[in-house]
Amino acid sequence: MKVSKFLSCPAFSSLTSEPFLLFVLISSLSLWTPTDSVSLTESVTPETTESTYTIFSSLHSGPFSPISPGEPFFDATIPRNVTALVGKTAFLVCRVRSLGNRTVSWVRHRDIHILTVGTYTYTSDQRFQANHQRSTDEWTLQIKYTQKRDAGIYECQISTQPHRSFYVNLNVVVPTASILGGPDLHVDKGSMINLTCIIKYSPEPPSYIFWYHYDEVINYNSERGGVSVITEKGETTTSYLLIQDATVSDSGKYSCSPSNADVASVRVHVLNGERPAAMQTGSASRILNHHLLLFSVLSSILSSSIVLTSHLKVPSTGTRSG
C-alpha cells in the first residue's frame, strides 16, 4: 500500500485521534520501510535544479478554498519556494484551515519518506521535527543543520479521502565570496588599491566581513592611514577595500572573509614604475582591452571622416564670367 493512500484512509484518521493508538501505530510503522525509499546511510543522487523545477511545476497543490462546508483547505498565501542557508535551520510552513479531526503529515517527495505525522517524528534523522501551536493553523517542518542533499520537494498532506497536498520546494544555497580581478592584481606605486569582494547566494547579508593582509586583520585606524572599507549589503553584498597612495610594502596576499562564506583571496603587486614582461591576465587583459577599445573608436571616427569627405562637393574657385 502506498504511503499517501495509507495516510488518507479513514481508518488512519480514526486511529490518530487516540494518543495511545497513535503511539502504537508509529511504533509499527517504524519497522516498515517503503520499497522505494532510500536509507539515510545510502548514497542519494540529488535532483538537478532543472529537474526539480520541472517536477515541482507539474505537481498540483490544493484546494485553497473549502470544497464543502467544514472541509479542510490550504492557505494559498504561504510561500511554496523556500531558500535556506547550508548549515542553518530551514522552516517549511503549511497552513491548514478547518482541519477538524484530520491529520497533517510531512512527506519527502524524493523517496516518498514519511518525516512527521502530526507532531510525531517518523525518521531516524533527528534534524527533522514538526512544530504546531494549537492557537494557529500552521504545521511547520523544521530541518536543523540543513545540508545540500536536503534540497528538493516536500509534501504537506491532509489525511482526507483522497488526500490533499501542499508542495514546498526547498533550495539550499552555499554563499560564495570572490574578489574581482584575481588571482593577481598589478597597480602602480602611488595609486589607489581598490579590492572588490562580492558575496553571492546568501539569503541574508553577512553579519561581518573582515579583510586580511597576509594573516593579519587590516586595521583601518593604523598609523599608515588612507585605508577604508565600504560595504553595500543586499541580495548581493559588495565590500570595497580602498588603500590610498600604494607603496611596495602594500604588496602581498589580501583576503576577504565574510561571516557566512569561505575566504576569498587575491595577490596584489605594487610596481615601482616598471611592468614585468609576464603580466597576469587580470590586469594585462584590462590594459589591452582599453587600448583596443580606444583604437577601435579612433578608427571609426577616422573612417567616418574619410567617407564624409569623399561625399562632399567642393565648389569651383574659377573666375565668374561677366
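What you see is a predicted model; the values in this text were computed from it and never measured. Residues: numbered from 1 along the sequence shown.
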| message | Surrounding CD of Glu204 (heavy atoms of other residues, nucleotides or ligands, distance under 6.0 Å), is the total greater than 12? | response | no
| request: Quick one: sort the His109 and Tyr167 rings into parallel, tilted or perpendicular, breaks at 30° and 60°. | output: perpendicular
| Interatomic spacing from CG in Asn81 to CG in Asn171 - rounded to 0.5 Å | 6.0 Å
| query | Is it true that a side-chain atom of Ser239 and a backbone atom of Cys197 form a donor plus acceptor pair closer than 3.5 Å? | reply | no
| Are Ile209 and Ile218 joined in one hydrophobic group, where the rule is that I, L, V, M, F, W and Y side chains link up if heavy atoms are under 4.5 Å apart? | yes
| Working for ring-ring contact (aromatic ring centres under 6.0 Å, His included), residues Tyr122 and Tyr120 | CA-CA 6 Å; Tyr122 172 52; Tyr120 292 86; over 10 Å; no
| Judged by atom type as modelled, is there a donor-acceptor pair below 3.5 Å linking the side chain of Arg102 to the main-chain atoms of Pro72? | no
| remark: Scanning both residues in full, the closest heavy-atom pair of Val104 with Cys156 reads CG1-SG, 3.7 Å
| query | With no hydrogens and no angle check, is any side-chain donor or acceptor of Arg110 less than 3.5 Å from a backbone partner on Arg149? | reply | yes
| If you take all heavy atoms of Gly152 and Asn169, which pair is closest and at what distance? | O-OD1, 3.3 Å
| Thr196 side chain vs Leu180 backbone, donor-acceptor pair below 3.5 Å | no
| request: Start with the C-alpha gap between Thr238 and Thr231, add the side-chain angles, then the distance that decides, and say whether side-chain contact (heavy atoms from CB on, under 4.5 Å) holds. | output: CA-CA 6 Å; Thr238 305; Thr231 300; over 6 Å; no
| Looking at CG of Leu85 and OG of Ser202, how far apart are the two atoms once the value is rounded to the nearest 0.5 Å? | 6.0 Å
| message | Is a donor from one side chain sitting under 3.5 angstrom from an acceptor on the other, for Gln133 and Asn131? | response | no
| request: May I ask you to decide whether Arg127 forms a salt bridge with Asp150, counting only side-chain N to carboxylate O separations under 4.0 Å? | output: yes
| task | State, with a plain yes or no, whether a side-chain heavy atom of Ile143 is found less than 4.5 Å away from one of Phe91. | result | no
| request: Please tell me if the side chains of Thr236 and Tyr201 come closer than 4.5 Å, counting only heavy atoms from C-beta onward. | output: no
| query | Hey, quick one: are Phe73 and Ile158 part of the same hydrophobic cluster, counting side-chain heavy atoms closer than 4.5 Å, chains of contacts allowed? | reply | no
| request: Would you tell me whether Glu155 and Ser165 have side-chain atoms, one donor and one acceptor, within less than 3.5 Å of each other? | output: yes
| task | Keeping to residues at least two apart or across chains, list the salt bridge (charged side-chain N to carboxylate O under 4.0 Å, His left out) pairs with something in residues 168-178. | result | none
| Nearest non-hydrogen partners of Ala90 and Ala84, listed with the distance | CB-CB, 3.6 Å
| request: Heavy atoms only: give me the nearest Pro258-Pro206 pair and the separation to one decimal. | output: CB-CB, 4.2 Å
| pair Val107-Leu115: side-chain heavy atoms closer than 4.5 Å | no
| said: Using the rule given for side-chain contact (heavy atoms from CB on, under 4.5 Å), can you reason through Lys88 versus Thr146, listing the C-alpha separation, both sets of side-chain angles and the distance that settles it, and then say yes or no? | reply: CA-CA 6 Å; Lys88 301 297 183 180; Thr146 310; 5.5 Å; no
| Same cluster or not: are Val96 and Val93 linked, directly or through other Ile, Leu, Val, Met, Phe, Trp or Tyr residues, by side-chain heavy atoms under 4.5 angstrom apart? | yes
| query | To the nearest 0.5 Å, what is the distance between CD (Gln129) and CG (Leu141)? | reply | 9.5 Å
| message | Show me the pairs that pass salt bridge (charged side-chain N to carboxylate O under 4.0 Å, His left out) and involve residues 73-86, at least two apart or across chains. | response | Asp75-Arg95, Asp75-Arg97
| request: Start with the C-alpha gap between Leu92 and Leu170, add the side-chain angles, then the distance that decides, and say whether side-chain contact (heavy atoms from CB on, under 4.5 Å) holds. | output: CA-CA 8 Å; Leu92 311 186; Leu170 173 63; 4.1 Å; yes
| Does the side chain of Arg164 come within less than 4.5 Å of Pro63's, by heavy atoms? | yes
| field | side chain to side chain donor-acceptor pair (under 3.5 Å) partners of Ser265, counting only residues at least two apart | value | Ser255
| field | Pairs involving residues 213-255, ordered by first then second residue, that meet ring-ring contact (aromatic ring centres under 6.0 Å, His included) (sequence neighbours left out) | value | His213-Tyr254
| How far does CG of Leu242 sit from CD1 of Ile230, to the nearest 0.5 angstrom? | 5.0 Å
| Rounded to the nearest 0.5 Å, how far apart are OH of Tyr145 and OG1 of Thr89? | 7.0 Å
| request: Tell me, yes or no, whether the heavy-atom count around Asp215 atom CG, taken from other residues, nucleotides or ligands under 6.0 Å, exceeds 12. | output: no
| task | Indicate the atoms forming the closest heavy-atom contact of Gly62 with Phe74, along with that distance. | result | O-CE1, 3.4 Å
| field | Polar side-chain atom of Lys144 near backbone of Phe128 as donor-acceptor pair, under 3.5 Å | value | no
| request: May I ask you to decide if Asp125's main-chain N or O and Thr123's side chain share a donor-acceptor pair within less than 3.5 Å? | output: yes
| task | Before giving the answer on side-chain contact (heavy atoms from CB on, under 4.5 Å), spell out for Cys94 and Trp106 the whole-Å C-alpha distance, their side-chain angles and the decisive distance to 0.1 Å. | result | CA-CA 9 Å; Cys94 176; Trp106 279 99; 3.5 Å; yes
| query | Are Val174 and Val82 co-members of a hydrophobic cluster defined by side-chain heavy atoms under 4.5 Å apart? | reply | yes
| message | Between Thr116 and Thr121, do the side chains contain a donor N or O and an acceptor N or O under 3.5 Å apart? | response | no
| said: For a 4.5 angstrom cut-off between non-hydrogen side-chain atoms, does Ile199 reach Asn260? | reply: yes
| Hey, what do you get for CG (Asp137) to CZ (Arg134), rounding to the nearest 0.5 Å? | 13.0 Å
| task | Scan for salt bridge (charged side-chain N to carboxylate O under 4.0 Å, His left out) pairs involving residues 54-65, sequence neighbours excluded, and state none if there are none. | result | none
| said: For Gln147 versus Val86, what's the shortest heavy-atom pair and its separation? | reply: CA-CG2, 4.2 Å
| Co-membership, hydrophobic cluster, residues Phe210 and Ile243, 4.5 Å side-chain | no
| query | Angle class for the His186/His269 ring planes (parallel below 30°, perpendicular above 60°, tilted otherwise)? | reply | parallel
| So, do Val227 and Leu241 sit near enough that their side-chain heavy atoms are less than 4.5 Å apart? | yes
| field | Contact list for residues 224-238, test salt bridge (charged side-chain N to carboxylate O under 4.0 Å, His left out), sequence neighbours left out | value | Arg224-Asp250
